[in-house]
There are 2 protein chains.
Amino acid sequence: MVLDERKFMILKAIIDDYILTAMPVGSRTISRKSGVGFSPATIRNEMSDLEELGYLAQPHTSAGRVPSNKAYRLYVDRILSSGEISAEEKQRIEEYMKRRSGQVEDIIRAAADVLADATQYTSVIVAPQIQTLRIKRVQIVPVTDTTALMIVVTSAGIIKDAIISVPAEMDSESLHKLSEMLTHELAEHTLAEVRQIFARMFRDLSINRRLLGGVMQVMEDKLTEDAPEDVVIGGSTKLLNYPEYSDIEKAKNFLALFESRDRLAGLLKRNGGMDVTIHIGAENGVAALNDCSLVTASYRVGEHGNGMLGIIGPTRMNYRRVVTIMEYMGDVISRMLSSEQK
Amino acid sequence: MVLDERKFMILKAIIDDYILTAMPVGSRTISRKSGVGFSPATIRNEMSDLEELGYLAQPHTSAGRVPSNKAYRLYVDRILSSGEISAEEKQRIEEYMKRRSGQVEDIIRAAADVLADATQYTSVIVAPQIQTLRIKRVQIVPVTDTTALMIVVTSAGIIKDAIISVPAEMDSESLHKLSEMLTHELAEHTLAEVRQIFARMFRDLSINRRLLGGVMQVMEDKLTEDAPEDVVIGGSTKLLNYPEYSDIEKAKNFLALFESRDRLAGLLKRNGGMDVTIHIGAENGVAALNDCSLVTASYRVGEHGNGMLGIIGPTRMNYRRVVTIMEYMGDVISRMLSSEQK
DNA sequence: GATTAGCACTCAATACAGATGAGTGCTAAC
DNA sequence: GTTAGCACTCATCTGTATTGAGTGCTAATC
């Protein structure tokens, strides 16, 4: 048996209806739809075939049919072309984003909110990967006699900061000099390269080795340590509005996931490619999201460094709309974060 | 009718049982308890009195009794003395907190997790109020030709940073000078005082007024603007484990509240005093938390600046335990944040 | 006079039995 | 190949007992 044109059309009609209603759809419903010129009986025969092919499932004998993940996969692969986002919506998004100040954190926060609001699903955004960003400046500011604040400014305007301890002998002026030197050495390199550069500097640097050694050791550790992922979530309770998650146990599952930013970031990074990619049901590989779909995309910041965005919703998600919005938002975020550097 | 010793004892027994089980408690249950030497019939008579006095309520005729908010209030006011926290638990908390690095954000994050874990309720911690902190240093670091990063280090080691735009004529060296000058002028003052100091500086400063004017205007705005509250939430899904919130609609209510950090911060600041304070049911004044209790406390950082911590749970919360833990955690947080400055 | 045993009463929760109706699968007619 | 017709399935709804936890009241007991 093969999936001919008519079967495909019927399957599409079923999916479209199910996305809207979340209720098993029957043959009569499809038959009534304009564009399908067949009686319920014919539809039934086709549905029976579609079930055998694994595209449909029946919750119980006397219920209508529900699309399987295989059906969504087909639907996404065959039908999906990103649509056009309406002008008003574009404007609404732009305006909301414009009002935000220039801090990276704020922009990402705003973007997550917009994304959740536009899709009505839960959104997740991972900040640009700091390891791949190019350093622009390093600054060390005294805080107390023995501690200082180290600030690293990168090409995306992103800051990595950490409190480090310094020898009491180093005063404000010498820290300033150290800052200038480090800026000179590290500028235009990525964080990932810091270790090698430091190694080279240790060889070349004859003076002050004892004094600087300790400071730089700490810096190196701080810079190269795995930072807790910078992840923001928008509309974490949006999913509770969908009937498939009205069960408190299911809800607990993914709400717990949202508490662990690290796991979320891992999820996005594992599943994300450059383009918008769709993971249906178990494809995403996390048990808590087995009956969810995950749509991921990435955005670029400057020449290096990129971050991820994703939305999580029921498998019967409005893929077309989501993909469209994701593409657009990826653009918007890239643009806003890149304009930081101007 | 008056609330004599025996009535009070029975009421306490009822509350204790209800806190444990969340089920209406009947006369037989109380009668069986050791320490209560009366038959169910006697208890029933007393319960009937207690109901008339407004301390108990019956969900329906043939159910047991449930304590009213008035009862919890009495219970809390009359009985509550903070207990002792077990040595093991203390150690567990200390150890978990010790592992955290010295960043304020991280410490608060960890504290929220510990608090939620220890109480099994949802915890909220508001970072120290930045307006009352004393500035230690101001540093302006160039990012691009026309933008710079302004960093303010305060007594708690807390950083306020913002991207500001600067005239293209100002190079790294002059920004450094500006930083030194600002540090000199602003050190030891609170953020709240910045506006006056700037006003005075404008009068005194004859040179470079045009050049500096713009920069300082921006700085003033950034420093005095209402920062989005720095609030962390721990165990936001903990409440879902309690039967009173198994209804998805109720759950949505307070989960939505957790998405708005500003509202949460406002809630804590409005309700919080210096000591541990307890707000039962509608006392906290937020509709979404009408059937929750809110326990708040504050912690001090250095001499100035203080933050809030709170936990949110069902009205039948284990107040004694919660108060004990809150007192202890307030101490721990104060200690850890203050040690920052050493 | 306080306490308790006894008993009738209430009412949520549970279980069960039809009834309903949406939907199917199959067969025979078109 | 398509469709009308019909028997069948089964979740859902509705109404009715049944159960049992718990109460309030009264009369007996301490």
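A, B, ... follow the sequence lines: proteins, then strands. Residue 1 opens every chain.
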Original post:
How does each nucleotide of nucleotides 13-20 of chain D score, in 5' to 3' order, for protein heavy atoms under 4.0 Å: base (B), sugar-phosphate only (S), or none (-)?
Top reply: --------

Subject >> Within 45° cone of Y55(A) ring axis and under 6.0 Å: K70(A) NZ or CZ >> reply: yes

**OP:** Go through the steps to decide whether E51(B) and R44(B) satisfy the test salt bridge (Lys or Arg N to Asp or Glu O under 4.0 Å), and finish with yes or no.
**Re:** CA-CA 10 Å; E51(B) 180 163 3; R44(B) 274 205 291 283; over 6 Å; no

Original post:
Centre of Y72(A)'s six-membered ring, under 6.0 Å away, within 45 degrees of the axis: is that where NZ or CZ of R316(A) sits?
Top reply: no

**OP:** Sort and list the pairs that fulfil salt bridge (Lys or Arg N to Asp or Glu O under 4.0 Å) and have at least one residue in residues 13-23 of chain B, not counting sequence neighbours.
**Re:** K12(B)-D16(B)

**OP:** Using the test ring pair (Phe, Tyr, Trp, His ring centres under 6.0 Å), find all partners of F258(A) that sit at least two apart in sequence or belong to another chain.
**Re:** F254(A)

Original post:
Can you check salt bridge (Lys or Arg N to Asp or Glu O under 4.0 Å) on E89(B) and R321(B), steps first, answer last?
Top reply: CA-CA 12 Å; E89(B) 190 148 31; R321(B) 184 172 160 75; 3.0 Å; yes

Original post:
How does each nucleotide of nucleotides 1-8 of chain C score, in 5' to 3' order, for protein heavy atoms under 4.0 Å: base (B), sugar-phosphate only (S), or none (-)?
Top reply: --SBBB--

Original post:
Regarding R6(A) and the six-membered ring of F38(A), is the cationic atom NZ or CZ under 6.0 Å from the ring centre and inside 45° of its axis?
Top reply: yes

Original post:
Taking it one step at a time, do L115(A) and M326(A) satisfy side-chain contact (heavy atoms from CB on, under 4.5 Å)?
Top reply: CA-CA 8 Å; L115(A) 200 50; M326(A) 287 286 276; 4.2 Å; yes

Original post:
Is there a donor-acceptor pair under 3.5 Å between the side chain of D247(B) and the backbone N or O of E244(B)?
Top reply: no

Original post:
Which residues, if any, of residues 10-29 of chain B bring a heavy atom under 4.0 Å of DNA chain D?
Top reply: G26(B), S27(B)

Original post:
Are R65(A) and dG25(C) close enough that a side-chain N or O sits under 4.0 Å from OP1 or OP2?
Top reply: yes

**OP:** List in numerical order all residues of residues 52-61 of chain B for which some heavy atom is under 4.0 Å away from an atom belonging to DNA chain D.
**Re:** Q58(B), T61(B)

